[in-house]
Each structure stands twice: as C-alpha cells, then as structure tokens.
Visitor: 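There's a structure below that I have some questions on.
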Amino acid sequence: NTGFQIQGEYYRHIATGEKAVALTFDDGPLAPYTDQLLQVLDEYGVRATFFFEGNKIAKNPDLARRVHSRGHQLGNHSYYHVPLVFKTPDYVRLHINATDALLRSVGVDYEIMFRAPYGKKFIVLPHVLSSMKKKHILYSFDPYDWKGRDAALVAKDVVDNVTPGAIILLHDGNHTGGPRVAQATTLIIEKLRQQGYVFRTVSELLSADGT
C-alpha cells in the first residue's frame, strides 16, 4: 500500500479487509463549495478527509472549524498551493508547520497527515516529511474534477476505477472543481453504496490496516 519514495511513509492506496474507500477533498476551505459538500456528507452520514491550505484556513477559520466539528478528518495541504519541489528544507518545513498550527487552532488534536500540492514530492519534501514523522497521503487516481469536468463524468471515472482501499481525490477548494463537487460526491456515494462500499477517513483505513 505504499509507493516508491526515497524515505518516509507514502500512500496512494491502503490495504483493507473490507470493501471500503476514503473520500478526500483538496484545496479548501472555500465558501460556498465546502458548505455545499458538508450538506451532502451530512445527508449520507459519510465522514471524509479534507486536505486544507493554510492560507485558506486563515481566511475561513469558522468554516474550517465547522468541517472539523462534523467529524471529518483534516489534513495539511501546505500553506499555499505551490509545488514543494526545488525548495529548501527550511521553506518546506515552514509551510507545513504554519498550516499545522492553523489546523490545531481550529480544534485538530490528532495526527496531522500531509498531501503535497499537485502530488509532487521529489527529494527534499520526502526528507522533511520523514524527519517530521508525517505520513504523505496521495491518491489512487485523478478524475480531473479540478478541470471543471461534468459531475457525472467525474463520478463515472471514480466508480469505474475504484477498488477496496482506494483514496479518492476531489476538490472543494477551487472555483473549477468546487461548483460541481457536491453533485459529483452525491453520485459517487450513491453508486458505490449500491456496490456495497463503505466510506472511511484516511486514518480509519490506516487503522484497519494496522498502520
């Protein structure tokens, strides 16, 4: 369940003994899309994992706090959505720590996992994450919802490609993926539940894996 990386823990898929997947959402929090998504997740009783940008938590602390209070897992997507490649270790560490601090400020009191902007990791980032003992959570595949694709097409791609332990990537925090994320998520939940899938946070999947 770990992919190749020079050092540190890096996940694109999580081994599981049940028919379970993790819904994950990037780039938020951002109104109104994050709130629209929360309504869908509440309606279906699904808990998801959100990888938030530090700068957006700073601008929308109440919204971030609301996501946390609904029982969803919050993770770190760096402070700004810039590739953390060809950066110094100090630069990378600063952006991770600043975002961790903001996550703590909205109530997060558990292990904070990380997802690199654009999924880019190269050499320095894995070294820094390893030194911080921070898990790197990527995703099983990209349905390109962030390009503004039709929600039904995004959902079809997810359903066609999903396997038990998949980490599903979607976006609530930008203005191309965001307007359709609630609809796409509704379709994904309904179709996968028809196939017998259940939804877990990333931490729950890892715990079931014994990690």
Side-chain angles (χ1 to χ4, degrees), residues 1-28 37 41 44 46-52 71-78 81 83-85 96 110-123 125-130 132-147 149 151 153-173 177 181 184-211:
N1 46 298
T2 55
F4 174 76
Q5 185 167 293
I6 293 171
Q7 57 188 146
E9 294 184 64
Y10 154 46
Y11 297 87
R12 286 194 181 278
H13 182 275
I14 299 169
T16 177
E18 64 175 347
K19 205 171 182 181
V21 295
L23 282 174
T24 70
F25 300 92
D26 281 11
D27 301 352
L37 177 58
L41 296 172
Y44 286 94
V46 168
R47 291 200 303 166
T49 303
F50 290 77
F51 288 94
F52 281 166
H72 302 292
Q73 180 182 356
L74 303 191
N76 185 324
H77 202 38
S78 191
H81 201 275
L84 295 178
V85 295
I96 293 173
Y110 44 76
E111 175 187 6
I112 298 176
M113 298 177 188
F114 182 80
R115 174 175 284 165
Y118 304 101
K120 296 184 182 296
K121 50 194 176 60
F122 205 47
I123 296 170
L125 177 59
H127 170 73
V128 170
L129 292 175
S130 178
M132 299 176 77
K133 295 180 169 49
K134 190 175 285 289
K135 293 182 179 70
H136 194 181
I137 309 298
L138 291 172
Y139 42 86
S140 302
F141 52 88
D142 187 349
Y144 297 105
D145 65 309
W146 52 271
K147 289 187 173 182
R149 296 181 71 210
L153 292 176
V154 169
K156 183 178 187 306
D157 275 0
V158 169
V159 173
D160 287 350
N161 286 282
V162 80
T163 57
I167 302 171
I168 298 169
L169 171 69
L170 295 166
H171 296 76
D172 65 307
V181 72
T185 301
T186 299
L187 293 171
I188 290 165
I189 292 172
E190 290 183 347
K191 290 177 185 296
L192 289 185
R193 278 192 169 165
Q194 288 170 6
Q195 295 182 15
Y197 277 94
V198 295
F199 298 89
R200 305 285 186 232
T201 65
V202 168
S203 283
E204 287 170 344
L205 277 184
L206 285 171
S207 294
D209 182 34
T211 303

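These numbers come from a predicted model, not from an experiment.
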Visitor: Applying side-chain contact (heavy atoms from CB on, under 4.5 Å), name anything that partners Ala48, two or more places apart in sequence or on another chain.
Guide: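 For Ala48 the side-chain contact (heavy atoms from CB on, under 4.5 Å) partners, ignoring immediate neighbours, are Leu23, Phe25, Leu41, Phe50, His72.
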
Visitor: Could you check whether any side-chain N or O of Lys19 sits under 3.5 Å from a backbone N or O of Gln195, counting only pairs where one atom can act as donor and the other as acceptor?
Guide: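 Indeed, once roles are kept as given, a pair shorter than 3.5 Å links the two residues.
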
Visitor: Under a 3.5 Å distance rule, please check whether Arg115 uses its side chain to pair with a backbone N or O of Thr24 as donor and acceptor.
Guide: no

Visitor: Look only at the side chain of Asp145 and the backbone of His171, and say whether a donor-acceptor pair between them is shorter than 3.5 Å.
Guide: yes

Visitor: Backbone N or O of Ser203 within a donor-acceptor pair of the Ser207 side chain at under 3.5 Å?
Guide: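 Yes, Ser207 side chain to Ser203 backbone: donor-acceptor pair under 3.5 Å.
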
Visitor: Checking Thr201 side chain against Gln73 main chain: does a donor-acceptor pair fall under 3.5 Å?
Guide: no

Visitor: Locate the shortest heavy-atom distance separating Val202 from Ala22; write the atom from each residue and the value.
Guide: CG2-CB, 4.0 Å

Visitor: Please find the pair of heavy atoms, one from Ala151 and one from Ala184, that lie closest to each other, and give the distance.
Guide: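 The answer is CB-N, 3.7 Å.
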
Visitor: Measuring only between side-chain heavy atoms, which start at C-beta, is Arg12 closer than 4.5 Å to Phe141?
Guide: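 Arg12 does not reach Phe141 side chain to side chain.
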
Visitor: Can you find a heavy atom in the side chain of Ile112 that is under 4.5 Å from one in the side chain of Lys134?
Guide: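 Yes; the side chains approach each other to less than 4.5 Å.
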
Visitor: Would you find a donor on one side and an acceptor on the other, under 3.5 Å apart, between the side chain of Tyr110 and the backbone of Leu74?
Guide: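 Yes, the answer is positive, given that a donor and an acceptor are paired below the 3.5 Å cut-off.
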
Visitor: Report the distance from atom CG of Asn76 to atom CZ of Phe52, rounding to the nearest 0.5 Å.
Guide: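 That separation rounds to 11.5 Å.
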
Visitor: Could you walk me through whether Leu206 and Ile137 pass the side chain to side chain contact (heavy atoms under 4.5 Å, CB included) check?
Guide: CA-CA 11 Å; Leu206 285 171; Ile137 309 298; 4.3 Å; yes

Visitor: Hey, does Ile189 have a side-chain heavy atom less than 4.5 Å from the side chain of Tyr197?
Guide: no

Visitor: In Å and rounded to the nearest 0.5 Å, what is the CG to OG distance from Leu125 to Ser130?
Guide: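 The distance works out to 11.0 Å.
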
Visitor: Atom OH of Tyr10 and atom CG of Leu129: how far apart are they, to the nearest 0.5 Å?
Guide: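 So the OH of Tyr10 and the CG of Leu129 are separated by 12.0 Å.
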
Visitor: Please tabulate, for the side chains in residues 160-167, all donor-acceptor contacts under 3.5 angstrom to protein atoms that are two or more places apart in sequence or on a different chain.
Guide:
from, atom 1, to, atom 2, distance (Å)
Asp160, OD2, Lys156, NZ, 2.6
Asn161, ND2, Asp157, O, 2.7

Visitor: Would a 4.5 Å heavy-atom cut-off, applied to side chains only, mark Met113 and Tyr11 as touching?
Guide: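 No, their side chains stay 4.5 Å or more apart.
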
Visitor: Please check if the side chain of His136 supplies one atom and the backbone of Ala116 the other of a donor-acceptor pair under 3.5 Å.
Guide: yes

Visitor: Could you tell me which non-hydrogen atom of Leu192 sits nearest to which non-hydrogen atom of Phe199, and how far apart they are?
Guide: CB-CZ, 3.9 Å

Visitor: Quick one: are Phe114 and Val128 in side-chain contact, heavy atoms under 4.5 Å?
Guide: no

Visitor: Could you give the distance from CG (Leu170) to CG (Leu37), rounded to the nearest 0.5 Å?
Guide: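 These two atoms lie 8.5 Å from each other.
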
Visitor: Please name the residue in the list Thr16, Val46, Val21, Leu205 that meets the side-chain contact (heavy atoms from CB on, under 4.5 Å) test with Arg200.
Guide: Leu205

